[in-house]
Number of protein chains: 2
Amino acid sequence: MTTDFKQQTTVTLAEVAEAAGVGESTVSRVLRNHGSFSGKARERVLDAVERLGYVPNRIAGTLASAGSRLVAFVIPSLTNIVFPDVLRGAGAVLEENRYQAVFSVTDYEPEREEALVAAMLAWRPTAVMLAGFEHTEGTLKMLRASGCRVVELLDIDGTAIDLAVGFSNREAGRASAEFLLKRGYRRIGYVGHDLGRDTRAGKRFEGFREALNLAGVPLVDREIRAGASSVGSGRAGLEQLLRRAPGLDAVYFSNDDMALGGYFHCLARTIPVPTRLALFGHNGLDIGQATPQPLTTIRTPRVATGKLAAELVINDHPSHVADLGFELIEGATA
Amino acid sequence: MTTDFKQQTTVTLAEVAEAAGVGESTVSRVLRNHGSFSGKARERVLDAVERLGYVPNRIAGTLASAGSRLVAFVIPSLTNIVFPDVLRGAGAVLEENRYQAVFSVTDYEPEREEALVAAMLAWRPTAVMLAGFEHTEGTLKMLRASGCRVVELLDIDGTAIDLAVGFSNREAGRASAEFLLKRGYRRIGYVGHDLGRDTRAGKRFEGFREALNLAGVPLVDREIRAGASSVGSGRAGLEQLLRRAPGLDAVYFSNDDMALGGYFHCLARTIPVPTRLALFGHNGLDIGQATPQPLTTIRTPRVATGKLAAELVINDHPSHVADLGFELIEGATA
DNA sequence: TTGAAAGCGCTAACAA
DNA sequence: TTGTTAGCGCTTTCAA
């Protein structure tokens, strides 16, 4: 219960050099295994490092050498498992290459994104990773002026600043509609969360409506819930929608969380799925495939997106838009 | 599709000073709003900053002033929503106070934790946040020698290095058992994930068995699944357990993910819950409360843990163990 | 209120 | 193969 351990044990490279009886640059070379040095020098340095418990100061190292090996993630949410999945994919690759991930969360607010990007740039990251293409003018300007790599994630429908990795949400929406139409559903509704903020969900919905229009099938009704997506919101949303439009035979949800909520509503009210009502989600979360009836949905390349994004940055790949595609899971709810 | 934007636009404080016609230290004072300067100086500096698009370099700032305002999270997983929740709680507080969160993921491997802690310390963070009390000797040694604050999260059953914020997993396990016993269940089983790695789940299970022993009720059978917890694993686990011990009247799960899987198994096999089989989870995830029957479980203070951890660090609070407790949700599955 | 100057701990020429 | 030295871009005395 004391704080007496809190003594900055600032062992510096100079002290290691002193203790090892070599010059500072030799210590630096040995530690980074770069440049040339004798076996004996190496031994003495490593010995001194061990004895003194030296931990290199990357702050100083970065300042002296430019490259920060810091990658900044500015993501909308940690609650929506989509983003932790991307972080996970990127994290593994970054770590192998001795990069460090820094992050902050925008809550889907473009103004917060701008502020957070500004804060991130102060760390001179190698790259900044953002969700999608919709940013404020200020964000764009800063990013372009920064000289660091920019990766826009989970979207390819738009104009990239530099790199973009993801899939077409618009196409995903279209594919979802086409599947429902092919299965013969004609009285179709939609349950979504706040689309103004989650622009990728908005693009899916647009693609979905486009395909319906093309087939001359009207969207019967829609229920847009305020706030973020969640299972609870999906459940309440479907209940609300069915109250207004009891004759629906299929519902498209803004994502799997919402769709799972819808599925639970059906279970609770013993609405037969899909015979009486079909449900279609988006993301292909594991949990949606473990329910009594696996969810009909689209599996998105979240981990792969993070992984590729990190690889492109590490290899300093030229500007590029990478489409990782998606996969329709037929499931049992549609 | 070009990389021509990639020109390091390194506007420095010196250039701002030059452009504003003041000294470097004046620019520094104005920008940090610290020390004294005239209104006129302020104006000229801010004007120059705006004109040049200056972004302060925190790497340099940190090196010059010691305090990094970096908080390092070394967490076991991003898949288990528990840790994103903690990050979320901490993130909000840190950001308000101009701290930056850095993270890496151990996959529940103590050796990886050690390596990652070492990497983190190189950034001279203000604090390192870890899950629980079980660390390698090397990790402990580094952390103690580092002079930075250490917060151990989501556990209080053990000896803290410095700060600890969480709840008693052992108590949670006990409370879960006592609840089942009080409800009259006597043929009790357990379905868990890899306990060697998730030591907090292990402590819950220990507490659970303790309470059963105290009541003279044996644990009929247990199914321990390899790998991380997941809904799918819980579902398969319950199926397996019931095959061996069909007479069970209640099952305790290592967490809500596993319990949801169990619940889905029951739905799929139309096993009446809780009349034929009761289910008990742990964590109180939202999704578990949106199922047709809300899960009987224990709500854990995940966001609050992150929040308090950040506050303690920011206020440089003396070493302390904070018990945030937990709450039993009666639900409808037990 | 202000500026000059000395570092912060390291890397990267450059000589030796 | 090695050591010396000049920065990296800031903050922080210290005088003025």
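To find a chain, count down the sequence lines: A is the first, B the second, and so on, and within it residues start at 1. All values below come from the heavy atoms of this structure, side chains included, with hydrogens, waters and symmetry mates left out.
Residue-level contact check: B:Ser38 touches the backbone only, with heavy atoms under 4.0 Å from sugar-phosphate atoms and none from bases. Across all strands shown, A:Ala41 has heavy atoms under 4.0 Å from sugar-phosphate atoms exclusively, and none from any base.
No more than 12 heavy atoms of other residues, nucleotides or ligands sit less than 6.0 Å from atom CD of A:Glu18.
For the atom pair A:Thr62 OG1 and B:Arg58 CZ, the distance stands at 14.0 Å (nearest 0.5 Å).
Remark: of the listed residues B:Val105, B:Asp198, B:Thr106, B:Thr106 is the sole one forming a side-chain contact (heavy atoms from CB on, under 4.5 Å) with B:Pro76.
Residues forming a side chain to side chain donor-acceptor pair (under 3.5 Å) with A:Ser77 (at least two apart in sequence, or on another chain): none.
Residue pairs satisfying the side-chain hydrogen bond (donor to acceptor under 3.5 Å, both in side chains) criterion with at least one member in residues 31-48 of chain A, sequence neighbours excluded, are listed as follows: A:Ser28-A:Arg32, A:Asp47-A:Arg51. Screening residues 92-101 of chain A for side-chain hydrogen bond (donor to acceptor under 3.5 Å, both in side chains), with sequence neighbours left out, gives A:Glu95-B:Arg112. Sorted by first and then second residue, the salt bridge (charged side-chain N to carboxylate O under 4.0 Å, His left out) pairs with a member in residues 126-138 of chain A read A:Glu134-A:Lys203; sequence neighbours excluded.
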Determine whether B:Phe167 and B:Asn169 satisfy the following criterion, side-chain contact (heavy atoms from CB on, under 4.5 Å), listing intermediate values before the conclusion. CA-CA 6 Å; B:Phe167 60 94; B:Asn169 283 278; 3.4 Å; yes
Contact list (N/O, under 3.5 angstrom) for nucleotides 8-12 of chain C vs protein:
unit_1: C:dC8; atom_1: O2; unit_2: B:Leu63; atom_2: O; d: 3.4
unit_1: C:dC8; atom_1: O2; unit_2: B:Ala64; atom_2: N; d: 3.2
unit_1: C:dG9; atom_1: N2; unit_2: A:Ala60; atom_2: O; d: 3.3
unit_1: C:dC10; atom_1: OP1; unit_2: A:Tyr54; atom_2: OH; d: 2.3
unit_1: C:dC10; atom_1: OP1; unit_2: A:Asn57; atom_2: N; d: 3.3
unit_1: C:dC10; atom_1: OP2; unit_2: A:Leu13; atom_2: N; d: 2.3
unit_1: C:dT11; atom_1: OP1; unit_2: A:Arg32; atom_2: NE; d: 3.4
unit_1: C:dT11; atom_1: OP2; unit_2: A:Ser28; atom_2: OG; d: 2.6
unit_1: C:dA12; atom_1: OP2; unit_2: A:Arg32; atom_2: NH1; d: 2.9

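One finds no side-chain N or O of A:Thr26 lying less than 4.0 angstrom from the OP1 or OP2 phosphate oxygen of D:dT2.
Taking the screw axis at each terminus of the helix from C:dT1-D:dA16 to C:dA16-D:dT1 from five consecutive base pairs, the angle between the two is 30° to within rounding of 10 degrees.
If you take CH2 of A:Trp123 and P of D:dG9, they are 16 Å apart, rounded to a whole angstrom.
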